[in-house]
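Have a look at the structure below before the remarks.
The basis for the numbers below is simple: all heavy atoms, side chains too, and nothing from hydrogens, waters or symmetry mates. Every chain is numbered from 1, with letters handed out A, B, ... down the list of sequences.
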There are 2 protein chains.
Amino acid sequence: MPKRFPSVAVTVDLVVLTVRDDRLQALTIRRGEAPYKGQWALPGGFLRPDEDLPAAAVRELHEETGVSSDRVHLEQLGSYGAPDRDPRMRTVTVAYIALAADLPAPTAGTDAADARWWPVDELLGGAALAFDHATILRDGVERARSKLEYTPLAAAFCPAEFTVSELRHVYEVVWGTTLDPRNFHRKVTKTDGFLAPTGETTTRDGGRPAQLYRTGRAVQLHPPLMR
Amino acid sequence: MPKRFPSVAVTVDLVVLTVRDDRLQALTIRRGEAPYKGQWALPGGFLRPDEDLPAAAVRELHEETGVSSDRVHLEQLGSYGAPDRDPRMRTVTVAYIALAADLPAPTAGTDAADARWWPVDELLGGAALAFDHATILRDGVERARSKLEYTPLAAAFCPAEFTVSELRHVYEVVWGTTLDPRNFHRKVTKTDGFLAPTGETTTRDGGRPAQLYRTGRAVQLHPPLMR
DNA sequence: ACAAAAGTGTTATTATTACACCCATGA
DNA sequence: TCATGGGTGTAATAATAACACTTTTGT
């Protein structure tokens, strides 16, 4: 077939979210080149010729954070393709969200002058992200927030073994609410398949030792948790 | 910037769903050219050089169905970009779902030898769709099914004014369940913002005249309807 | 002993389910 | 008058929300 179609550059961008210092934070890269030189942007890069979209997301995540995809929840968020979204050329980006437990302090990637975590409320209130990345971040945060309601995804923000109150802390930080510790405990421990007890306990939060749990086999919460 | 990125063809594909003859049906186009010549495929086409993604979806919808985007719910489903998904070239497709009230019998579009509605269960059980369109269709149907739970989207499958039982029929067909007419009636009429009464009544379903409603201003159902 | 966090019990309220029953029309 | 669907009432069950109270650790 002759080339009678417009050529477009396809990129993959990542909304990498974690809970750090009691805030929901996103990973940003400071751009080393024009356009938007010196501004913060979401990590991402070009799709390679023989690479599927999820593979590109895993690769970018590894390049930017040094993290392998184990213990990170990666899912496609959506695609953004306004004709003027990149002044250099026509691009369509496929955005992914990555939810992870507190990651190591980021090391600057190849293209990046610097990399750091930012609380998402600071990024969304005023701070100017490059390209349409504020929109992508906003959509990614909203996706994460609503998925906590009806999936056991909050555990992606926790280490492999965690306590009920660590899990509750994730909900409180991501949603910006407070939850009744007692009702929350009942809800998550009684919802079948949400949590699998390890049998171990920990006192790392102080007070009475707490049961440690791993994520269960459930993929949907029924009924959902309400914000 | 020099072209040091791989060039990819970006297409937009549509999962156009409607409720027809008591079945959930999807619009398909018979391919007139190789590859997959003669097989059924989802409608779609190349993204144009100066076109945003939603605009391309609206344009393709109009070209394939003659329908303008009024009274059709269009939303992005996701992107699919396996390197071998099209044998001719590297493509990434951005899929949209379009939910519409019973549309006119389709007229064949420019590229298409033929176009028709197929019940989705027939398309997903055995019938061979071109490319990765079976996956896209399956994802689109699942998206539509779950969105009926927590949004007032079922009304997109109804004409501008509709009765409660017409709305219930949509749920029953899309979910493949039966619902108690009395409890359903209470639920949808009592959920604030779901339905706006027009004041008119109709007897088009026989029996006692039913109130006609338009869609309300709610965008979320709280609490959700359960399958 | 006391602070701190884990976890259980209890009650009021709200939502869902199942189903009896009445209403308003056309044939 | 009868069939057909529209619509309300009600009681049993289930889930949520609010909060008193007990448990088990560290200091």
Inset, instruction - Mind running side-chain hydrogen bond (donor to acceptor under 3.5 Å, both in side chains) on A:His222 and A:Asp192 for me, showing each step along the way? - result: CA-CA 9 Å; A:His222 197 82; A:Asp192 192 63; over 6 Å; no
Among [options], which nucleotide sits nearest the side chain of [X]?
X	options	result
A:Arg182	D:dG6, D:dC19, C:dT16	D:dC19
A:Asp180	D:dC19, C:dG7, C:dA6	D:dC19
B:Arg208	C:dA20, C:dT8, C:dC23	C:dC23
B:Thr203	C:dT8, C:dA6, C:dT25	C:dT25
B:Arg186	D:dT10, C:dA5, D:dG7	D:dT10
B:Ala210	C:dA18, D:dG6, C:dG9	D:dG6

Legend entry - 5′-ward residue of the pair B:Pro209/B:His222 relative to DNA chain C: B:His222
Inset, instruction - Report yes or no: is there a donor-acceptor pair, N or O only, under 3.5 Å between the side chain of A:Asp205 and the base of C:dA4? - result: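 No pair found.
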Inset, instruction - Assess the side chains of B:Thr18 and B:Asp102: does a donor N or O sit below 3.5 Å from an acceptor N or O? - result: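 On atom types as modelled, these side chains do not qualify, holding no pair under 3.5 Å.
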Inset, instruction - Return the 5'-most residue of the pair B:Gly207, B:Tyr213 with respect to DNA chain D, ranking by each residue's nearest nucleotide. - result: B:Gly207
Legend entry - Ion pair A:Glu172/A:Arg227, N-O distance below 4.0 Å: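 Here A:Glu172 does not pair with A:Arg227 in a salt bridge, since their nearest N and O are not under 4.0 Å apart.
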Inset, instruction - Using a 4.5 Å cut-off on heavy atoms from C-beta on, say whether the side chain of A:Trp117 contacts that of A:Leu103. - result: yes
Tell me whether the OP1 or OP2 atom of [N] has a side-chain N or O from [X] closer than 4.0 Å.
X	N	value
B:Lys187	C:dA15	no
A:His185	C:dA6	no
B:Ser165	D:dG6	yes

Inset, instruction - Give the rounded distance in Å between these two atoms: NZ of B:Lys190 and C1' of D:dG9. - result: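 Going from NZ in B:Lys190 over to C1' in D:dG9 covers 10 Å.
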Inset, instruction - To the nearest Å, give me how far apart CD (B:Gln211) and P (C:dT25) are. - result: 12 Å
